[in-house]
Amino acid sequence: LNNPQPWLPALAFGLLFILVGQDLDAALERDPNYGEAYLARAAYFIKQGESEQALEDLEAASDLLPDSPWIPYYEGQIASMDGDSEQVCELAQETNQRERTFLPAYVLLGECAMESEDYEEAIEALEIYTTYVPDEAKSWALLGIAQVKSGADPEEALESLEKSLEISPEQSEAYYYRGNLYLELGEGQKAVNDFVVVRRLDRKSFAASLGLARALFSTGRTQDAWSQMNLTLGLAQTDAEMAEGYYWRAQILEAAGETPTAMRDWQALLD
């Protein structure tokens with residue numbers, strides 16, 4: 001104990017997780033009508049990635065607890081594992097209809113609304129959740145992103161993203177959207193700082209690399225922005241990204257007095 005091995009915490013957690021599963025099995029052997037135990041074991045199976053076993057337990061729980069909001073909620077998690085986003089959203093709505101005070105459903109509702117680009121609805125759902133669960137980074141980040149995309153007050157979006165990053169600093173998406181907000185607000189150096197973090201967390205992101213180039217350009221560091229745009233175009237994967245890259249590099253080249261080179265980028269953009 002005085003000199004623990006680095007693998008001991010992971011081993012201890014794994015053993016604890018096994019014991020949890022065994023305890024749930026024992027509970028249901030003693031009382032096969034214990035509906036909450038089926039729900040708990042379904043959650044255990046979902047964490048293990050065993051969706052078929054989880055669905056079997058949810059079916060048993062449904063017979064015993066037909067109105068429980070946990071049943072469609074966990075079914076939604078399984079649908080998410082299967083990549084069925086439409087089913088996830090339908091089950092989130094069902095969860096919310098069963099119990100309006102069931103808070104986890106509001107995160108799913110917010111995610112579904114964002115997927116359909118209904119940012120006002122996403123904000124409404126996520127504001128309810130963050131009011132009662134103020135210490136979860138993901139929900140604050142989603143709220144901030146929805147506020148950015150809705151065109152709401154940028155100060156509100158900044159506050160949401162900052163709360164998210166205070167709770168969990170290693171979130172590339174939160175830094176990315178905050179960096180874009182700083183660009184919008186004319187805070188170029190703060191934008192540079194955020195995009196540098198995003199680049200550290202995701203070296204292959206075209207959007208992050210472009211954001212850093214734009215932020216450098218906004219601070220007057222034209223040569224640095226030019227170098228960054230050369231790297232950015234190397235990350236482009238689609239025609240749309242190539243077009244955006246040529247557009248911004250052409251502007252930076254013009255600012256650097258490299259008009260002939262800029263013309264080649266404008267022509268490439270047209271092509």
Side-chain angles (χ1 to χ4, degrees), residues 83 85 111-123 141-158 160-162 164-165 170-271:
S85 58
E111 290 175 336
C112 291
M114 289 181 70
E115 192 170 312
S116 61
E117 299 184 359
D118 188 344
Y119 301 118
E120 294 299 331
E121 184 175 325
I123 290 169
L142 287 171
L143 176 57
I145 293 166
Q147 289 167 328
V148 171
K149 291 188 173 184
S150 72
D153 182 353
E155 296 295 338
E156 290 183 359
L158 270 179
S160 298
L161 293 169
E162 284 167 359
S164 174
L165 290 167
E170 298 292 299
Q171 297 184 83
S172 62
E173 198 170 24
Y175 281 110
Y176 173 77
Y177 280 97
R178 191 175 71 172
N180 278 302
L181 273 177
Y182 282 140
L183 274 177
E184 182 183 329
L185 296 171
E187 298 277 2
Q189 186 54 52
K190 289 183 179 180
V192 169
N193 296 342
D194 274 0
F195 285 121
V196 165
V197 176
V198 183
R199 287 277 292 148
R200 174 175 60 80
L201 295 171
D202 186 358
R203 303 294 298 180
K204 295 182 179 180
S205 169
F206 169 85
S209 185
L210 177 63
L212 179 55
R214 290 181 57 203
L216 290 166
F217 187 38
S218 74
T219 63
R221 295 160 64 181
T222 307
Q223 291 295 325
D224 290 339
W226 182 359
S227 297
Q228 187 62 43
M229 277 309 310
N230 292 336
L231 295 172
T232 300
L233 277 161
L235 295 171
Q237 298 292 318
T238 65
D239 284 347
E241 289 179 347
M242 290 295 294
E244 197 170 10
Y246 286 132
Y247 172 81
W248 282 104
R249 192 171 67 177
Q251 293 194 65
I252 292 166
L253 287 166
E254 285 190 2
E258 299 287 338
T259 304
T261 310
M263 288 300 296
R264 286 199 292 272
D265 273 0
W266 287 124
Q267 186 58 54
L269 170 58
L270 293 171
D271 291 341

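Note that the coordinates shown come from a computational prediction; the quantities given were computed from them, not determined experimentally.
When all heavy atoms of A262 and L253 are compared, the pair lying nearest together is CB-CB, 3.7 Å. Scanning both residues, L181 and A157, for their nearest heavy atoms gives CD1-CB, 3.6 Å. For S150 against Y119, the heavy-atom pair with the smallest separation is CB-CB, 3.7 Å. Of all heavy-atom pairs between S218 and G188, the closest is OG-CA, 3.4 Å. When all heavy atoms are compared, the tightest approach of L201 to E170 is CD2-OE1, 3.1 Å. Of all the heavy atoms in M114 and L142, the pair that sits closest is SD-O, 3.7 Å.
D265 contributes atom CG, which lies 13.0 Å from atom OH of Y247 (distance to the nearest 0.5 angstrom). To the nearest 0.5 Å, atom CD1 of residue I145 and atom OG of residue S164 are 8.0 Å apart. Atom CG of residue D271 and atom OH of residue Y246 lie 9.0 Å apart, to the nearest 0.5 angstrom. The distance from the CG atom of L212 to the CD atom of Q228 is 4.0 Å, given to the nearest 0.5 Å. L165 CG to S160 OG: the interatomic distance, rounded to the nearest 0.5 Å, is 11.0 Å. Atoms CD and CD1, on E156 and I123 in that order, are 8.0 Å from each other to the nearest 0.5 Å.
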Would you sort out whether E254 and W266 count as a side chain to side chain donor-acceptor pair (under 3.5 Å), showing the intermediate values?
-> CA-CA 11 Å; E254 285 190 2; W266 287 124; 2.8 Å; yes

Determine, stepwise, if the pair N180 / E184 fulfils side chain to side chain donor-acceptor pair (under 3.5 Å).
-> CA-CA 6 Å; N180 278 302; E184 182 183 329; over 6 Å; no

Using the side chain to side chain donor-acceptor pair (under 3.5 Å) rule, take S85 and E115 through it: C-alpha gap first, then chi angles, then the decisive distance, then the call.
-> CA-CA 9 Å; S85 58; E115 192 170 312; 3.1 Å; yes

Intermediate values then yes/no, side chain to side chain contact (heavy atoms under 4.5 Å, CB included), F195 and L183 = CA-CA 11 Å; F195 285 121; L183 274 177; 4.0 Å; yes

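For the pair Y175/E173, no side-chain contact is recorded, criterion being any heavy-atom separation below 4.5 Å from C-beta on. In this structure the side chain of L185 reaches within 4.5 angstrom of the side chain of E155, judged on heavy atoms. Residues Q189 and Y182 have side chains not in contact (no heavy-atom distance under 4.5 Å, counting atoms from C-beta outward). Residues D153 and Q147 have side chains not in contact (no heavy-atom distance under 4.5 Å, counting atoms from C-beta outward). Proximity of L210 to W248: side-chain heavy atoms (C-beta onward) are separated by under 4.5 Å at one or more points.
The salt bridge (Lys or Arg N to Asp or Glu O under 4.0 Å) pairs that include a residue from residues 213-242 are R221-D224, where partners are two or more places apart or lie in different chains.
Counting only distance, with no hydrogens or angles, the side chain of S209 and the backbone of F206 share no donor-acceptor pair below 3.5 Å.
The salt bridge (charged side-chain N to carboxylate O under 4.0 Å, His left out) check on R264 picks up nothing, with sequence neighbours excluded.
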